[in-house]
Each structure stands twice: as structure tokens, then as C-alpha cells.
Colleague: 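Quick one: this structure, given as C-alpha cells, is what I'll be asking you about.
Throughout, residue positions are numbered sequentially from 1 according to the sequence presented.
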Amino acid sequence: ELALNAKNVVAVELDEKLLPILAETLKDYENVEIIHGDILKVDIESIIEEKLGEGPIKVVANLPYYVTTPIIARLIEEDLNIESITVMVQKEVAQRIVAGPGSKQYGSLTVFVNFFTQPQIVIEVPKTVFMPQPKVDSAVIRLDLKKELPDVDRKVFFKVVKAAFGKRRK
């Protein structure tokens, strides 16, 4: 669907075994390029400049659940001309991201993501639709990056937020 509807699609895939499958499946789409690499290590800014040019950029991904937070953090903290990020994540992570103040799920992740974006859960995806079936349910979230951010010292702000949620019961 992305290949059919987007001007250009650049995918970063870590799993070497998937590369020939993707090459075969996507061979008829001239607007798709697959880059073998780790999204946490590749130079995203250079990829955007070289492959996508002027934005706005929309990120769409099915993230590995064990590195969801570092990937989201990297995409929203770096100034990459990203307009939105739509990703499938573990349902519990999605609920923490969109949690309201005072709720049990509300925490430093909630504050961090909400500082940079307007998050929303697009759809919940039950584990029963996957083969093989995982142990957890998933959700697709959309993070619309804010055009203007609060004028605060981010380093100090997030240090305080992390400390505040570090010992929730105290």
C-alpha cells in the first residue's frame, strides 16, 4: 500500500533473510528502496536528504517491540523534518504513550512522547491475527510531531521528569 500511495518509500530492514523476499515482492515498484541496516545505527538524516529530499516525511513501521522506545525517541528528538510517525507497538506501550495524567500508565514515556507529539491509538490489533501468534496484543499508534515545542531547557526538564517517575510510590 505504501508503494502504491507514496511518492517514494525507503525502508530500513535489519533482517538479512528478508532482503531477497522484499526484493522479489517489491521488484515492480520503482519508488521503493530497501536499505539493509539497523535503524538505531544508520544515518537517518543522510537517508532522508539523499533518498527523499524535501519533506514532509512520514514514517510508517512495524517496530521490533524490544527496541520500540529507543527508535521512537530517536525519530522524534532529531530534527528530521518528520511530519508523523505511524507504528505498530505492543498494546501496553501504546496505552502508556496516550495515558492521561493521574492514570496508572502515565509516566516518563508519556511525558516524553507528548512533549514532542500529539499521540493517538489508531487501532488495536489482537495477537490472534498473527502467525505465529505472539504472547501480546498490539496497537497502531500515530504520533503527529508538533511544529512548536515548549521553550524549556530540555535536558533539565527530562531529568526532572525521569527523577519524578523514578520512584512513583514516594
Colleague: Minimum heavy-atom separation for S84 and I82, please, with both atom names.
Modeller: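 Nearest pair, atom of S84 first, then I82: O-CG2, 3.4 Å.
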Colleague: Determine, stepwise, if the pair T68 / Q90 fulfils side-chain contact (heavy atoms from CB on, under 4.5 Å).
Modeller: CA-CA 9 Å; T68 295; Q90 189 172 334; over 6 Å; no
Colleague: Any side chain to side chain donor-acceptor pair (under 3.5 Å) involving residues 28-40? Give me the pairs, sequence neighbours left out, ordered by first then second residue.
Modeller: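 Counting only pairs at least two positions apart or across chains, the side chain to side chain donor-acceptor pair (under 3.5 Å) contacts touching residues 28-40 are E33-K51.
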Colleague: Should L2 and I44 be counted in the same cluster of Ile, Leu, Val, Met, Phe, Trp and Tyr side chains packed under 4.5 Å apart?
Modeller: no
Colleague: In sequence, state the C-alpha distance, the side-chain angles, and the governing distance for L143 and V59, and then conclude on side-chain contact (heavy atoms from CB on, under 4.5 Å).
Modeller: CA-CA 10 Å; L143 310 173; V59 175; over 6 Å; no
Colleague: Partners of V140 by side chain to side chain contact (heavy atoms under 4.5 Å, CB included), sequence neighbours excluded?
Modeller: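 By the side chain to side chain contact (heavy atoms under 4.5 Å, CB included) rule, V140 matches T86, M88, V122, I123, V125.
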Colleague: Give every residue pair that meets the salt bridge (Lys or Arg N to Asp or Glu O under 4.0 Å) criterion with at least one member in residues 109-118, sequence neighbours excluded.
Modeller: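 Qualifying pairs: none.
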Colleague: If hydrophobic clusters are built by linking Ile, Leu, Val, Met, Phe, Trp and Tyr wherever their side-chain heavy atoms come under 4.5 Å apart, do F130 and V93 end up in the same one?
Modeller: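 F130 and V93: separate clusters.
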Colleague: Show which residues join V160 in its hydrophobic cluster (side-chain heavy-atom contacts under 4.5 Å, direct or indirect), or state none.
Modeller: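 Members alongside V160: V156.
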Colleague: What's the spacing between L109 CG and Q95 CD if we round to 0.5 Å?
Modeller: 12.5 Å
Colleague: Please name the pair of heavy atoms, one in T117 and one in P119, separated by the smallest distance, quoted to 0.1 Å.
Modeller: O-CD, 3.4 Å
Colleague: Looking at every heavy atom in both V12 and G37, which two are closest together, and how far apart are they?
Modeller: CG1-O, 3.4 Å
Colleague: Who passes side chain to side chain contact (heavy atoms under 4.5 Å, CB included) against I21, sequence neighbours left out?
Modeller: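 Scan of I21 (side chain to side chain contact (heavy atoms under 4.5 Å, CB included), adjacent residues dropped) gives L18, T25.
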Colleague: So which pairs with a foot in residues 97-111 pass salt bridge (Lys or Arg N to Asp or Glu O under 4.0 Å), sequence neighbours left out?
Modeller: none
Colleague: Answer with yes or no whether the hydrophobic clustering places V111 together with V152; edges join I, L, V, M, F, W, Y residues whose side-chain heavy atoms lie under 4.5 Å apart.
Modeller: yes
Colleague: Mind jotting down which residue pairs meet the salt bridge (Lys or Arg N to Asp or Glu O under 4.0 Å) criterion with at least one end in residues 72-83? Sequence neighbours excluded, please.
Modeller: K58-E83, R74-E78
Colleague: Taking atom CD1 of I76 and atom CZ of F112, what is their separation to the nearest 0.5 Å?
Modeller: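 Between I76 CD1 and F112 CZ, I get 4.0 Å after rounding to 0.5 Å.
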Colleague: Would you kindly confirm whether I57 and L149 end up in one hydrophobic cluster when ILVMFWY residues are joined by side chain heavy atoms under 4.5 Å apart?
Modeller: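 Linked within one cluster.
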Colleague: Parallel, tilted or perpendicular: which fits the ring planes of F116 and F158, with parallel below 30° and perpendicular above 60°?
Modeller: parallel
Colleague: Given side-chain contact (heavy atoms from CB on, under 4.5 Å), test I39 with L14 step by step and report yes or no.
Modeller: CA-CA 8 Å; I39 195 65; L14 178 61; over 6 Å; no
Colleague: Please test I47 against V42 for side-chain contact (heavy atoms from CB on, under 4.5 Å), starting from the C-alpha separation and ending with a verdict.
Modeller: CA-CA 8 Å; I47 291 171; V42 297; 3.9 Å; yes
Colleague: Hey, does L145 have a side-chain heavy atom less than 4.5 Å from the side chain of I85?
Modeller: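 The answer is yes; the side chains approach within 4.5 Å.
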Colleague: Provide the closest heavy-atom pair for A139 versus I121 in the form atom of the first, atom of the second, distance.
Modeller: CB-CG2, 4.3 Å
Colleague: Can you confirm whether F115 sits close enough to V161 that some side-chain heavy atom of one is under 4.5 Å from a side-chain heavy atom of the other?
Modeller: no
Colleague: Which atoms form the tightest heavy-atom contact between L26 and I34, and what is the distance?
Modeller: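 Looking at all heavy atoms of both residues, the shortest contact is CD1-CD1, 3.8 Å.
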Colleague: Which pair of heavy atoms, one from V32 and one from A3, lies closest together, and at what distance?
Modeller: CG2-CB, 3.5 Å
Colleague: Have a look at V87 and tell me which of V60, L63, L75 forms a side chain to side chain contact (heavy atoms under 4.5 Å, CB included) with it.
Modeller: L63
Colleague: State which residues pass side chain to side chain contact (heavy atoms under 4.5 Å, CB included) with E24; sequence neighbours excluded, sorted by chain then number.
Modeller: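 Result, side chain to side chain contact (heavy atoms under 4.5 Å, CB included) vs E24: K27.
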Colleague: Could I get the full list of side chain to side chain contact (heavy atoms under 4.5 Å, CB included) partners for A99, not counting sequence neighbours?
Modeller: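 By the side chain to side chain contact (heavy atoms under 4.5 Å, CB included) rule, A99 matches S103, Q105, Y106, T110.
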Colleague: Could you note down all residue pairs passing side chain to side chain donor-acceptor pair (under 3.5 Å) where residues 125-151 supplies at least one of them, sequence neighbours left out?
Modeller: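 Matches after skipping sequence neighbours: Y65-S138, R142-D144.
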Colleague: Go through the structure and list residues passing side-chain hydrogen bond (donor to acceptor under 3.5 Å, both in side chains) with Q120, not counting sequence neighbours.
Modeller: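 Here no residue qualifies.
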Colleague: Pairs in or reaching into residues 114-125: which pass salt bridge (Lys or Arg N to Asp or Glu O under 4.0 Å), with residues at least two apart or in two chains?
Modeller: K91-E124
Colleague: Find out if a path of hydrophobic residues (ILVMFWY) with successive side-chain heavy-atom gaps under 4.5 Å connects L22 to I35.
Modeller: no
Colleague: Do N114 side-chain atoms and I97 backbone N/O form a donor-acceptor pair below 3.5 Å?
Modeller: yes
